[in-house]
A.B. asks: 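A single structure is presented below for examination.
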Amino acid sequence: MKKIKKSIFAVAIATALVSTSIAPYSALAVDKPHPEIPLDKDNLEQLVVQSVERTDNGVKLDFGSEYDGYVNLLEDDIAQISIVEDGEKVKHSPGIEKTEWDTPEFSAQDEGDTYQLETAEITVVINKAPYGVKFLDKDGNLINEDYSEFGSSAGYEDGKPYVFRETTPDEAFYGFGEQAGLELNKRGDSIGLWNTDSYGYNKDTKYIYVSIPFFMGLKDKKAYGIFFDNTHRSYYEMASESDDYYYFYADGGQLNYYFIYGPEISDVVSQYTEITGKFNLPPEWTLGLHQSKWEYTADEIVEVAQTYRDKNIPLDVMHFDIDYMQDYKLFTWEEDYKQALAELKSMEGFHAIAINDPAVKKEEGYFLYDEGTANDYWAKSADGTPFVGPVWPGDSMFPDFSKEEVRDWWASKHNILFDAGIDGIWNDMNEPAVFEAEYYWTMPLDAYFGYEDNKILHTEYHNLYGHHEAEATYNAFELYKPGERPFVLTRDMYAGSQRYSALWTGDQNSSWEGLEMTLPVNMNVGLSGVPMVGGDIGGFAGRPDGELFARWIQIGVFEPFARIHYDSDGGDPRVIGQEPWVFGQEVEDITRKYVNLRYQLLPYLYNELQEATETGKPVYQPLVYHFQEDENTYDIYKQFMFGDNIMVAPVLEQGATSVDVYLPKGETWVDFWTGEKYEGNKTITVQAELDHLPIFVKQDSIIPTREVQQYTGEKPLENLVLDTYLNDQATYSFYEDDAQTQSYQDGEYNVTNFTVNKQNKNIVTFEQEKEVQNYKGTKLKSYTLKLNNTEKPSKVQAASSKYKAVSSAEAVKETSETYFFNEEENILYVNIPADEKHKVQVFFNGNAR
Ligand code: GLC
């Protein structure tokens, strides 16, 4: 079987090489997809508003042509702008979660040349001749307006919906989901959205796997967002032609976009994820480290897992790539892999994730093929026969996920994986990828989905294929694991797929460029509503050397989804693997150090993700997300915030042992390793030998951490360490639940608010407030208040009860109401009972810092 796969793959590589003649590992991504269809600026339709009709939630515009326009107000800060054919309804793509809105209060005014709609936050000014819209904030400041130098700022050109908008040179653009490139700010870029299997993509690859037609503009320190809900292939010329305008258009479909006003970036992301839905809390085990390889043998899966334990490197999950199937037939098992899975699950603390592709082997007698054929479940070629194309199993069929009955059927097959012990599902190749250069590596454009009387052309459905597969997979959990939290990982997404799935960023190159690119890619994905994201640590295509792997794992442990995964050996002479120990002792030790750090930070990471489920905020954040007031941050992509309090500034260059770090304005930054403090608004150079990752913590923050475990759930969370960087006052709202079931949705969780306060230079106080206490399963007995950068206390007490001084941090952990001062590191540890009702006071004899 392996031979078939290899030969298909070889053909694919060879074809790409012939046409591009560049190095193999960046070849496949280059000449995809089919040619672009440019917008003809000389052929723009002129729209003039003839009359305006007020509706319940805005206005309907009559253009006296074949088109009608709508401006609907959904919230004080969200307007939906559409132009559709006469009598046609504005469609919601499957990306939309919220379709019903409580119309905000607004006033409507005909001003002659313009018509204005005003909410508490924005005014939409509709220009009548030519048609155009601009948005003002509540003080009348311009946020963004149409650009009409080409005679028309919005409409259709030969069936292609388009919009031109003004920009100024200082405006920055973010979002667009997953985009290759070595920049965060997409100003100047030509962006295209068409989900593309892009093996070994590089910084210049235009089309990669995900299509999220959402972006933000940031100018005058204020942010707005535009979500172009159009699933066709779409294009964004972001001031790439001129500093005065940008435009976007699609190959077809409706002109329909949502305008969201911030002014904070966080407001925009939050409202965008109101429209498209929030990510759901994953089970905690998925936040541990994952290990994977394409072509692990069954034995290797068990051996590698065991080696992690033997070497005391924490690990939670092993992945099963396509090798576990019989002849790459979905929902089947090769017996040796099934046994390996059983063995893995019999070992302490391992979870397993199985890959599942959409391509169903065309083979009579294979149950999936027979059922799908009998029920007419396959996507069709233009002539109405099921489309057949080659993928891993050879000639394959493609389930038509646009049909609910197919999604249900697909979901219903997952017991075959779950019953064998699989805990999470990894959806791959769902562009859908087809190994056929003639079709530009996917289905032909005239293929179709849906029913004969309601066909959906591939051109419209392509970018939704992965979205619907993820939905079907998500539903499989609800079917077979009710009450448990689903975990789906996908390669392809449309807007809103975060409701079902986490994202990994595909077949990255094992190169320094590949490493550097992980940062802006993850950040823009995060700004596009997908908080759980990560790339293949060490890179997928090719192999890293020890130095590259060490640098990669250092930041990989901060990716919300952290998995080491690598390509099959592919007949290549490179034999070295990509497990932490294959690079020698030094790299193994570095890996352990940083994986341990991730496991220590799990309570913090879990809390960050929990917030993301409520607000849509990214966990892996660009600095600009936090420091919108500081224009120096707008283009920074080589540093990122891990949640709200920790900034990471990695080494991204081969051979480098120092790195320049920008410390944003308005904060004091504390070196996580040394405790040294720096005022913000400057760039410093930090030494960073191979084992050192520069990390800075915002002063006046509390980071909840815990003891290292070899896997999540190994030890109950009995002692929460509140790692505190105090100047005046630090607060933290700590969330806890059972970390695996859906009970939190019924309110079974706890929230405890901590406040650590420097009342005067002699006294620091600690207080807690138990805001919600509905999770009865908590094992928390105590908190360790870890006060960094402090002096030796004279006493610690709560009400009249004095805490006892002990001689080590370990001893503090053992006994409640104790404390220890580490004189070398200037760190105070205080063990506070979780049910401490009183304020805990730390006294310093008048010489506290
Ligand atoms: C694709 C995936 C990769 C996987 C391989 C084999 O290239 O992106 O992660 O290992 O297929 O299934």
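All ligand and atom numbering here is 1-based and tracks the order in the structure. Residues take their numbers from the sequence shown, with the count starting at 1.
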A.B. asks: For Tyr199, which part has a heavy atom under 4.0 Å from ligand 1: side chain, backbone, both, or neither?
C.D. replies: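 For Tyr199, no heavy atom sits under 4.0 Å from ligand 1.
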A.B. asks: Taking the six-membered ring of Trp426 (Phe, Tyr or Trp), confirm whether the NZ or CZ of Arg563 is under 6.0 Å from its centre and within 45° of its axis.
C.D. replies: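 Yes, a cation-pi geometry.
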A.B. asks: Applying side-chain contact (heavy atoms from CB on, under 4.5 Å) to Tyr308 and Trp581, what does each step give before you reach the verdict?
C.D. replies: CA-CA 9 Å; Tyr308 267 94; Trp581 48 87; 3.5 Å; yes
A.B. asks: Which ligand 1 atoms, with their elements, are less than 4.0 angstrom from a heavy-atom of Trp426?
C.D. replies: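 Within the 4.0 Å cut-off of Trp426, ligand 1 contributes 9 (O).
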A.B. asks: List the steps and the verdict of side-chain contact (heavy atoms from CB on, under 4.5 Å) for Phe477 and His414.
C.D. replies: CA-CA 8 Å; Phe477 287 82; His414 283 72; 5.9 Å; no
A.B. asks: Heavy atoms only: which of Tyr328, Trp294, Tyr209 is nearest to atom 5 (C) of ligand 1?
C.D. replies: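 Going through Tyr328, Trp294, Tyr209 one by one, Trp294 has the nearest heavy atom to atom 5 (C) of ligand 1.
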A.B. asks: May I ask you to list the atoms of ligand 1 that are less than 4.0 angstrom from any heavy atom of His565?
C.D. replies: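 Taking each heavy atom of His565 in turn, ligand 1 has 3 (C), 4 (C), 9 (O), 10 (O) under 4.0 Å.
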A.B. asks: Just heavy atoms, cut-off under 4.0 Å: does Tyr566 contact ligand 1 by side chain, backbone, both, or neither?
C.D. replies: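 For Tyr566, there is no contact with ligand 1 at all, from either part.
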A.B. asks: With a cut-off of 4.0 Å, which atoms of ligand 1 are near a heavy atom of Ile322?
C.D. replies: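 Close to Ile322: 6 (C), 12 (O).
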A.B. asks: Taking the six-membered ring of Phe331, is NZ or CZ of Lys413 closer than 6.0 Å to its centre and within 45° of its axis?
C.D. replies: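 No, Lys413 and Phe331 do not form such a contact.
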A.B. asks: Atoms of ligand 1 less than 4.0 Å from Arg491 heavy atoms?
C.D. replies: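 Numbered from 1, ligand 1 contributes 1 (C), 2 (C), 7 (O), 8 (O).
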A.B. asks: Quick check, are the ring centers of Tyr711 and His351 under 6.0 angstrom apart?
C.D. replies: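 No: the rings miss the under 6.0 Å criterion.
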A.B. asks: Among side-chain atoms of Asp251 and Tyr235, is any donor-acceptor pair under 3.5 angstrom?
C.D. replies: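 Yes - a donor-acceptor pair under 3.5 Å links their side chains.
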A.B. asks: Is there any N or O on Arg563 that sits under 3.5 Å from an N or O of ligand 1?
C.D. replies: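 No - when backbone and side-chain N and O of Arg563 are compared with those of ligand 1, no distance drops under 3.5 Å.
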A.B. asks: For ligand 1, note which part of Ile355 has a heavy atom under 4.0 Å away: side chain, backbone, both or neither.
C.D. replies: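 Contact part for Ile355 vs ligand 1: side chain (C-beta onward).
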A.B. asks: Does the gap between the ring centers of Trp512 and Trp552 come in under 6.0 Å?
C.D. replies: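 No, they do not, as the ring centres are separated by 6.0 Å or more.
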A.B. asks: Going by distance alone, is a donor N or O of one side chain under 3.5 Å from an acceptor N or O of the other, for Tyr236 and Ser234?
C.D. replies: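 Result is yes, a qualifying pair exists.
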A.B. asks: Does an N or O anywhere in Asp536 fall below 3.5 Å from an N or O of ligand 1?
C.D. replies: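 The answer is no, given that Asp536 and ligand 1 share no N or O pair closer than 3.5 Å.
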A.B. asks: Any nitrogen or oxygen of Trp504, main chain or side chain, under 3.5 Å from a nitrogen or oxygen of ligand 1?
C.D. replies: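 N/O-N/O distance below 3.5 Å does not exist for this pair.
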